[in-house]
Amino acid sequence: MAEPLLEIRDLTKHYGAVRALKGINLQVQAGTIYGFIGPNGAGKTTTIRILAGLIRPTRGHSYLDGHDLATDRIPAAEGLRTLVEVPQFYPGLSGHENLSVFGRLARAERGEVDELLEAVGLTEAAKRAVGGYSLGMRQRLGIAQALIGNPRLVVLDEPMNGLDPSAIHLVREIIQTRRREHGVTFFLSSHLLHDVESLCDEVGIIHRGEIVAEGKIDELLSGSISGFRLQCQDSAAALAVLEEKLANAKPHAGEGGHVIVTGDESLLAELNRVLLDAGQPPHSVIPIRETLERYFIEMTEGVMG
Amino acid sequence: MKKPSLGTVLWLIAAVVWVHGALRRFEPEGAYLAAGLMGLAFGLLPLLPSARGHGFAAFLRALVQGGLPLAVLSVALLPVLDWLQDVLFTPSALSFHLLAYPVIGVVALLQGGCAKRIWVLIGVEWLKLKRGKLLKGGLLVAILATLLTAWSHEPLEGESGWAIAAHSLGAGFWTAEILLLVLGATAVAGEIGQGTMKMILPHAYRRAEWVAAKGTVLVIAAVLFGLLVSAAGVVYAGATQGLDDVTKLVPAGFGEDDEVQVFQTAEVMRGHLQSTIITASASLVASAMLGLLISCLFDSLVPALSASFLLFVAVKVGDILLGLPRAVLEGIYAQVPDELRELTVRLGRGFNERWDSQLVYDGWHLALLTAVMGLLAAMRLFGRRDLHG
């Protein structure tokens, strides 16, 4: 496996007696979109604030391209952009001027400011003072500043906050395009698990300052089959057999003539045997996988923010 | 145990140079104590986190390996600085210290290669200040205060335009000092409170570089305030009363004509005015840097501004505010506050009274050392704290 672009090792942060992070470890490969999810107060923002250099870890390290973000910050932060919580800008400056400030800091090329303003749909409002922007407009400007200067890693903290559905779609498109065309890696925290599931390749679930699950979404959910959807020649007969022989699997009729049973992979062999014995071999057996949301609730003991 | 970095040693040397400048003349023994304590702190503090929780033996080890060597180095540096000042430079401690800081600064720049980054940051900071209302509004208020004082001053009989200039400059610089303290106090705390600091700090710049850039822009602002206030006062005085020789009409004796006696020529007065403006501008820089230092300690504007005003009041009227006897104040301040106030008043009031060139020298020295101390401490403090705003 290639060296990870971002690596977090034993990252720990204590605020007095409060242990916000308890030695977390994670790796993000270059070119991926990594979802960082957890209930409120789990340690997401603390982690992102450490990556952004706003707070110092009590112990542990985070490396970007092999450079320690705390002790070797300049080369490490060259390719890093972050958006921490609700973005704030200089209210007296226009959107264009604000983005130009960040462009100068990132040593971006001249045309990039206009290009990004267009990408986030703020060209018309570019000359207006940011003080008059709505939350959604500020959020889009925040996304633009996080992309300026061709970063390698973009860390976004709740990037969909305050956005209407069309803006959420726009941001999702931007993230996918930047990843596809520029190879940008994204590390994003979000409460919108549907977005995380559709956007991200990998997720890390943090709970009470610890990573409780990490990996590719498909792999995490593959071990989480919650039932099966069956199609048989005679659905009513198959349902009757299952109700008699496999009552524990709670068989019931589903939409489109399907029969639904509840259970994991261990149920599959017995299910086949019962139906074959009854002369009702299934035409198709489709596993019903858990959604990321259900998996998340399971991993975080139902504590959802 | 890790060794102190070159950066830490440079910071320490800068701090000891400041101790040398601020205390050596007034408190020779105190300077050794202060230098030793600074060295101890610089060496010990970085090691404390790793020693914490490992018992008293670990603390002692940190003290012996980190604190004591740097304390000894700091104390040993003072006689070296004495020697450098005596042998290599003129007897003026001012020029020695003024030269020492840029040398340390250049070494630090070479070490970190940060000159280009600071240049970028100065551009960004200047853009923000230039487009904000605080600088423009502040300049307008300071100029108005200067002109109003000049306009409302009723000259005594025989008083020249120099008196109007002195009165109006006194008021203008006093106003400017408050405004620069506010500008300094808002520089960091304002940005943290506003939430923009979390947007800019993640970029590839050191925090100390941000503070250095903010300090540089504040120096430019202080110079602007100084120039505009001076221009307003001098132009008004010159236009209304003229800035000629300072004279006195000596009544004639029996059978003689009245005699016009020249106290000071206009040329000498212009020299005094120039010295006063430069010294007062240096004190503006010092105020801005103290504001910046305070700003680095707080996460929002209100406590930063409150602390700045308390400091301002303490420096200006420390004797009244603190109610301390003179002997105690002499032990705390290099110059007791009422002397400072007297110094400012005398410099401001003018030059047609007894001119004391030593006041200019002391004013310069004190203001620049305060400014340097403020900036260095701000860079150091801001680089080491968590930002939650």
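Chain letters run A, B, ... following the sequence lines, proteins first and then strands; every chain starts at 1. Hydrogens, waters and symmetry mates play no part in the numbers below; they use all other heavy atoms, side chains included.
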Q.
What verdict does the side-chain contact (heavy atoms from CB on, under 4.5 Å) test give for A:K13 and B:D386, after you've listed the backbone C-alpha separation in whole Å, the side-chain angles of each residue and the deciding distance to 0.1 Å?
A. CA-CA 11 Å; A:K13 180 68 182 175; B:D386 284 355; 2.6 Å; yes
Q) Would the number of heavy atoms belonging to other residues, nucleotides or ligands and lying under 6.0 Å from CD of A:E118 be above 12? A) no
Q. Please, which pairs that meet ring pair (Phe, Tyr, Trp, His ring centres under 6.0 Å) have at least one residue in residues 19-56 of chain A, sequence neighbours excluded?
A. A:Y34-A:F187, A:F36-A:F187
**Q.** Inter-residue atom distance B:K128.NZ - A:N98.CG, 0.5 Å rounding
**A.** 10.0 Å
Q: Tell me, yes or no, whether the heavy-atom count around A:R179 atom CZ, taken from other residues, nucleotides or ligands under 6.0 Å, exceeds 12.
A: yes
Q) Looking at A:R73, A:R56, A:R59, A:E78, which makes the most heavy-atom pairs under 4.5 Å with chain B? A) A:R56
**Q.** A:H61, NE2: over 12 other non-hydrogen atoms inside 6.0 angstrom
**A.** no
Q | CZ-CG distance between A:R49 and B:L387, expressed to the nearest 0.5 angstrom | A | 7.5 Å
Q. Do any of residues 101-110 of chain A come closer than 4.5 Å to chain B, heavy atom to heavy atom, and if so which ones, in number order?
A. A:V101, A:F102, A:R104, A:L105, A:A106, A:R107
Q. Roughly how far apart are A:Y90 OH and B:E191 CD, rounded to 0.5 Å?
A. 3.5 Å
**Q.** For A:A77 against B:P202, the heavy-atom pair lying closest together
**A.** CB-O, 3.7 Å
Q | Region of A:L93 that comes under 4.5 Å of a non-hydrogen atom in chain B | A | side chain
Q | Partner chain A: residue of B:K133, B:R207, B:M197 with the largest heavy-atom pair count (under 4.5 Å) | A | B:R207
Q.
Looking at B:K198 and A:D157, is any side-chain nitrogen of the basic one under 4.0 Å from a carboxylate oxygen of the acidic one?
A. no
Q | Stepwise side-chain contact (heavy atoms from CB on, under 4.5 Å) test for A:L83 and B:M199 | A | CA-CA 7 Å; A:L83 181 59; B:M199 305 288 290; 4.1 Å; yes
Q.
side-chain contact (heavy atoms from CB on, under 4.5 Å) for A:I74 and B:R117? Distances and angles first, verdict last.
A. CA-CA 10 Å; A:I74 300 292; B:R117 290 197 297 273; 3.7 Å; yes
